[in-house]
S.K.: 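Supplied in structure tokens, the structure appears directly below.
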Amino acid sequence: MLRLGRVLRTAAVQQQFRLLSGTQTPLGGGDALPKHCDILIIGGGGMGASSAYWLKKRAEQKKLSVLVVERDAGYTTASTVLSVGGVRQQFSLAENINMSLFGYDFISDCRSHLGDVELNFQPHGYLILASANGAEILSRNSKLQNELGACNELLGPAALSSRFPWLSTHGIELGCYGLNKEGWFDPWALLMGFKKQARAYGAQFANGEVTGFEYDAAGQLSAAVVSSADGSKHTVKFDNCVLAAGAHSGQVARLANIGTGKELLSVPLPVEPRKRYVYVFNTQGRNCPGLATPLTVDPDGTYFRRDGLGGNFLGGRSPADHEEPSCDTLDVDHGYFESDVWPTLASRVPAFESVKVQSSWAGYYDHNCFDANGIIGRHPHYRNLFIAAGFSGHGIQQTPAVGRAIAELILDGKYTTLDLSRLGFERLVAQERMLEVNIV
């Protein structure tokens, strides 16, 4: 039986719930907009704040001015803080595995990087399940992951039933269970940690929306037009620009004629918002998954994990392409839980046959329509524009690695730790997709 309780209907309400119930509070108001900066970062979410942190950390002794412009001053619709905060290495691309391995190292040792911040990391792993059709791919992925430094094991139906007695293994051929280096954390705390430390190093964060660009005599970007909340417009000149505007990155790119110009500028940045629902529920069913339950993913993409100590769970599922909801608002479709999410939950975990939805929220993926993977690096036409966008739902765990990579490209002119060249804009020009298999 499915029962619907009182529901938090909007992302704004959910955000207020996070602020009131958590230990983190927003940092103070935005800084004034300067007339010039060395590096302008468009977007103050996880990718932008991490980029600012790494740039200023590495150039702390240099007079490098870094300005971050964020349009959503309260982060009420920001993808970073509305994510479920997962970190895992269960990918099929080496770049994603390596970025998430570094993400885990950074998150687990966050105090040495960000000071007094508590991310509340829950090291309970991921459990990704496969049917007979996906078992070979799951096994192949696990082999690569462990070769690169991940720590997971493959479990057949009997081993799954023994390890997780609450799980129905009907239709399951294989599971991959993260024994270490996987789990979830508080994304709001990570964002505030990046922002606080970047400011301590001297970065500025201003509230405003980039509404246009200016160009130099060679046709390169030279300045951004920024609209403030009071309606005033400001021109901010820069030497380099980082585009990390999350789900709105494609829209900002079009302001620079990316996708509407000629030759290299005819190739768009294929990033757009995709709305995703997260439902919080509890159950009175017997044989309920315990506190150490991993984030469990069914072969159809339905997922769930524990949410706190009060007996709640959260879960959801990405819709099929033809079912994508409108992104005009962040209203939640509660019928989607009943028709698409709950049936899988109830069949996979018998204790979930009787659940009550306690709350819900929606957030945006910064979806890369080309291949659902991050686009990282220098733009091939605008040599002073660097992109960090399109992570399609797995970006939060990669913010430490991507911010570090952007800093390397700007300060060193090349990648010096992880080589992320294959994730550059050039693959869009060449029409060479970097596809994940068994992606969540």
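A quick note: this is a predicted structure, and the numbers were derived from the prediction, not measured. As a basis for the values below, the full set of heavy atoms in this structure was taken, side chains included, without hydrogen atoms, waters or symmetry mates.
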S.K.: Is the shortest side-chain heavy-atom distance between Phe304 and Leu295 below 4.5 Å?
M.R.: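 When only atoms from C-beta onward are counted, Leu295 and Phe304 do not touch, as no gap falls below 4.5 Å.
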S.K.: Compute whether any side-chain donor of one residue and acceptor of the other, for Ser100 and Gln397, lie under 3.5 angstrom apart.
M.R.: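 Yes.
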S.K.: Between the side chain of Arg276 and the main-chain N/O of Ser318, is any donor-acceptor distance below 3.5 Å?
M.R.: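 Judged by distance alone, no pair lies under 3.5 Å.
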S.K.: Answer with yes or no whether the side chains of Thr260 and Arg254 bring together a donor and an acceptor at under 3.5 Å.
M.R.: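 On atom types as modelled, these side chains do not qualify, holding no pair under 3.5 Å.
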S.K.: Set out, in order, the CA-CA distance, both residues' side-chain angles and the distance that settles side-chain contact (heavy atoms from CB on, under 4.5 Å) for Asn312 and Gln358, then state yes or no.
M.R.: CA-CA 8 Å; Asn312 284 340; Gln358 300 295 312; 3.9 Å; yes
S.K.: Less than 3.5 Å apart, any donor N or O on the side chain of Asn96 or Glu436 sitting next to an acceptor on the other?
M.R.: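 Distance-only check passes for Asn96 and Glu436.
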S.K.: Within the side chain of Tyr53, is there an N or O that forms a donor-acceptor pair under 3.5 Å with the backbone of Ala203?
M.R.: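 Not a single qualifying donor-acceptor pair exists.
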S.K.: Looking at Glu323, I'd like to know if its CD atom is crowded, meaning that more than 12 non-hydrogen atoms belonging to other residues, nucleotides or ligands lie closer than 6.0 Å.
M.R.: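 Yes, the 6.0 Å shell around CD holds more than 12 heavy atoms from other groups.
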S.K.: Rounded at 0.5 Å granularity, tell me how far CG in Leu423 sits from CD1 in Ile375.
M.R.: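 So the CG of Leu423 and the CD1 of Ile375 are separated by 9.0 Å.
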S.K.: Determine, stepwise, if the pair Asn368 / Ser392 fulfils side chain to side chain donor-acceptor pair (under 3.5 Å).
M.R.: CA-CA 6 Å; Asn368 172 3; Ser392 305; 5.5 Å; no
S.K.: Ring-plane angle category for His379 and Phe425, please: parallel below 30°, perpendicular beyond 60°, tilted otherwise.
M.R.: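 Tilted, since the angle between the ring planes falls between 30° and 60°.
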S.K.: Test: salt bridge (Lys or Arg N to Asp or Glu O under 4.0 Å). Region: residues 144-154. Which pairs qualify, not counting sequence neighbours?
M.R.: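 Sorted pair list: Lys143-Glu147, Glu153-Arg163.
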S.K.: Side chains of Ile42 and Cys241, heavy atoms from C-beta outward: is any pair under 4.5 Å?
M.R.: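 Sidechains of Cys241 and Ile42: in contact.
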S.K.: Is there a donor-acceptor contact under 3.5 Å from the side chain of Asn373 to the main chain of Met434?
M.R.: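 Yes, because the side chain of Asn373 sits within donor-acceptor range (under 3.5 Å) of the backbone of Met434.
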S.K.: When you compare the side chain of Ile41 with that of Val66, does any pair of heavy atoms fall below 4.5 Å?
M.R.: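 Side chain of Val66 against side chain of Ile41, heavy atoms only: contact under 4.5 Å found.
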S.K.: Are side-chain heavy atoms of Leu82 and Val278 found at a separation under 4.5 Å?
M.R.: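 Leu82 vs Val278: side chains apart.
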S.K.: Going from CG on Leu345 to CG on Asp340, what distance comes out if it is rounded to the nearest 0.5 angstrom?
M.R.: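 Going from CG on Leu345 over to CG on Asp340, the span is 11.0 Å.
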S.K.: Look at the side chain of Ser142 and the backbone N and O of Leu138, then say whether any donor-acceptor pair between them is shorter than 3.5 Å.
M.R.: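 Side chain of Ser142 to backbone of Leu138, a donor-acceptor pair under 3.5 Å: no, none is there.
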S.K.: Working to the nearest 0.5 Å, report the span between CG of Leu155 and OG of Ser161.
M.R.: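 OG of Ser161 is found 10.5 Å from CG of Leu155.
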S.K.: Step by step, would you call Lys356 with Phe281 a side-chain contact (heavy atoms from CB on, under 4.5 Å)?
M.R.: CA-CA 5 Å; Lys356 182 178 181 180; Phe281 58 92; over 6 Å; no
S.K.: Main chain of Met47, side chain of Ser50: is a donor-acceptor contact present, judged purely on distance under 3.5 Å?
M.R.: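 No, because the side chain of Ser50 does not come within donor-acceptor range (under 3.5 Å) of the backbone of Met47.
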S.K.: Begin with the C-alpha distance, continue with both residues' side-chain angles, and end with the deciding distance and a verdict on side-chain contact (heavy atoms from CB on, under 4.5 Å) for Phe370 and Leu435.
M.R.: CA-CA 9 Å; Phe370 181 67; Leu435 295 171; over 6 Å; no
S.K.: Hey, is the main chain of Pro165 close enough, under 3.5 Å, to the side chain of Asn287 for a donor-acceptor pair?
M.R.: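 The answer is yes, because a donor-acceptor pair under 3.5 Å joins these two groups.
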S.K.: Pick out which of Val252, Leu264, Leu385, Leu243 makes a side-chain contact (heavy atoms from CB on, under 4.5 Å) with Ile258.
M.R.: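 Checked Val252, Leu264, Leu385, Leu243 against Ile258; only one passes side-chain contact (heavy atoms from CB on, under 4.5 Å): Leu385.
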S.K.: Using 30° and 60° as the class limits, which term best fits the ring planes of Tyr75 and Trp188: parallel, tilted or perpendicular?
M.R.: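 Geometry flag for Trp188 against Tyr75: perpendicular rings.
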S.K.: Kindly give the heavy-atom pair with the smallest separation between Leu154 and Ser139, and that separation in Å.
M.R.: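 In terms of heavy atoms, the two residues are closest at CD1-OG, 3.6 Å.
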S.K.: Grab the two heavy atoms, one from Gln145 and one from Cys176, that are nearest each other, plus how far apart they are.
M.R.: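 The pair with the smallest heavy-atom distance is OE1-SG, 4.3 Å.
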S.K.: Mind checking whether Tyr177 and Tyr126 have ring centres under 6.0 Å apart?
M.R.: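 No - the distance between ring centres of Tyr177 and Tyr126 does not fall below the 6.0 Å cut-off.
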S.K.: Are any side-chain N or O atoms of Ser92 and backbone N or O atoms of Val437, one a donor and one an acceptor, separated by less than 3.5 Å?
M.R.: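 Between the backbone of Val437 and the side chain of Ser92 there is a qualifying donor-acceptor contact (under 3.5 Å).
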S.K.: Would you check if the side chain of Trp54 reaches a backbone N or O of Pro400 as a donor-acceptor pair within less than 3.5 Å?
M.R.: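 Checking the backbone N and O of Pro400 against the side chain of Trp54, a donor-acceptor pair under 3.5 Å is found.
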S.K.: Kindly say whether the aromatic ring centers of His113 and Phe106 come within a distance under 6.0 Å.
M.R.: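 Ring-ring flag for His113/Phe106: true, centres closer than 6.0 Å.
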S.K.: Are His394 and Phe91 near enough that their ring centres are under 6.0 Å apart?
M.R.: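 Ring centroids of His394 and Phe91 are less than 6.0 Å from each other.
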S.K.: Just wondering, do Pro325 and Pro319 contact through their side chains at under 4.5 Å, heavy atoms?
M.R.: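 Yes - at least one pair of side-chain heavy atoms lies under 4.5 Å apart.
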S.K.: Looking just at side-chain N and O atoms, do Asp300 and Thr344 make a donor-acceptor pair shorter than 3.5 Å?
M.R.: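 Yes, because at least one side-chain N or O of Asp300 sits under 3.5 Å from a partner of the opposite role on Thr344.
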S.K.: Surrounding CZ of Arg422 (heavy atoms of other residues, nucleotides or ligands, distance under 6.0 Å), is the total greater than 12?
M.R.: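 For Arg422, atom CZ is not crowded (no more than 12 foreign heavy atoms under 6.0 Å).
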S.K.: Will you find, in the side chains of Asp366 and Ser79, an N or O donor that is under 3.5 Å from an N or O acceptor?
M.R.: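 Absent: no donor and acceptor within the cut-off.
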S.K.: Under a 4.0 Å threshold between the charged nitrogen and the carboxylate oxygen, would Asp371 count as salt-bridged to Arg427?
M.R.: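 Between Asp371 and Arg427 there is a salt bridge, with a charged N closer than 4.0 Å to a carboxylate O.
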S.K.: So do the side chains of Ile39 and Leu67 get within less than 4.5 Å of each other, counting heavy atoms only?
M.R.: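 Not touching, per the 4.5 Å side-chain cut-off.
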S.K.: Does any N or O in the side chain of Lys181 come within less than 3.5 Å of the main-chain N or O of Pro123, such that one atom is a donor and the other an acceptor?
M.R.: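 Checked: no pair found.
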S.K.: Could you tell me the separation between the OG1 atom of Thr169 and the CG atom of Leu129, rounded to the nearest 0.5 Å?
M.R.: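 One gets 9.5 Å once the value is rounded to the nearest 0.5 Å.
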S.K.: Taking the six-membered ring of Phe102 (Phe, Tyr or Trp), confirm whether the NZ or CZ of Arg404 is under 6.0 Å from its centre and within 45° of its axis.
M.R.: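 The answer is yes, since Arg404 meets both limits relative to Phe102.
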S.K.: Hey, are Gln90 and Glu182 close enough side-chain-wise for a donor-acceptor pair under 3.5 Å?
M.R.: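 Checked: Glu182/Gln90 side chains pair up, N/O donor to acceptor below 3.5 Å.
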S.K.: Side chain to side chain donor-acceptor pair (under 3.5 Å) between Thr417 and Glu408: does it pass, once the steps are laid out?
M.R.: CA-CA 8 Å; Thr417 52; Glu408 290 170 357; 2.6 Å; yes
S.K.: Hey, are Glu70 and Asn207 close enough side-chain-wise for a donor-acceptor pair under 3.5 Å?
M.R.: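 Note: Asn207 and Glu70 side chains miss the donor-acceptor criterion.
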S.K.: Aromatic rings His334 and Tyr279: how do their planes relate, parallel, tilted or perpendicular, breaks at 30° and 60°?
M.R.: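 If you compare the ring of His334 with that of Tyr279, the planes turn out perpendicular.
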S.K.: Taking all non-hydrogen atoms of both residues, which atom of Thr283 and which atom of Ala351 are closest, and how far apart?
M.R.: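 Here Thr283 and Ala351 meet closest at OG1-O, 2.5 Å.
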S.K.: Rounded to the nearest 0.5 Å, what separates atom CG in Asp72 from atom OG1 in Thr76?
M.R.: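 Rounded to the nearest 0.5 Å, the CG-OG1 separation comes out at 4.0 Å.
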S.K.: Suppose we call two aromatic rings close when their centres sit under 6.0 Å apart. Are Phe313 and Phe352 close by that rule?
M.R.: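 Yes, close enough.
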S.K.: Testing the basics here: between Ala49 and Leu191, what is the closest heavy-atom pair and its distance to 0.1 Å?
M.R.: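 Closest approach of Ala49 to Leu191: CB-CD1, 3.8 Å.
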S.K.: If you look at every heavy atom in Ala362 and Tyr277, which pair is closest and at what distance?
M.R.: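 Closest approach of Ala362 to Tyr277, heavy atoms only: CB-CD2, 3.9 Å.
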S.K.: Donor-acceptor pair, Tyr303 side chain versus Leu314 backbone, under 3.5 Å?
M.R.: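 No.
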S.K.: Verify the neighbour count for atom CD of Glu136: are there more than 12 heavy atoms of other residues, nucleotides or ligands below 6.0 Å?
M.R.: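 Counting neighbours around CD of Glu136, 12 or fewer heavy atoms of other residues, nucleotides or ligands fall under 6.0 Å, so no.
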S.K.: Apply side-chain contact (heavy atoms from CB on, under 4.5 Å) to Met99 and Val402, showing your working.
M.R.: CA-CA 8 Å; Met99 283 193 286; Val402 174; 3.8 Å; yes
S.K.: If I take atom CG from residue Asn152 and atom CG from residue Asn180, how far apart are they, to the nearest 0.5 angstrom?
M.R.: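 It comes to 10.5 Å.
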S.K.: Closest heavy-atom contact between Tyr104 and Val87?
M.R.: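 Minimum heavy-atom separation between Tyr104 and Val87: N-CG2, 4.1 Å.
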S.K.: Please tell me if the side chains of Ile97 and Leu93 come closer than 4.5 Å, counting only heavy atoms from C-beta onward.
M.R.: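 No, side chains not in contact.
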S.K.: Should the pair Asp31-Arg199 be classified as a salt bridge under the 4.0 Å nitrogen-to-oxygen rule?
M.R.: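 Yes, charged N to carboxylate O under 4.0 Å.
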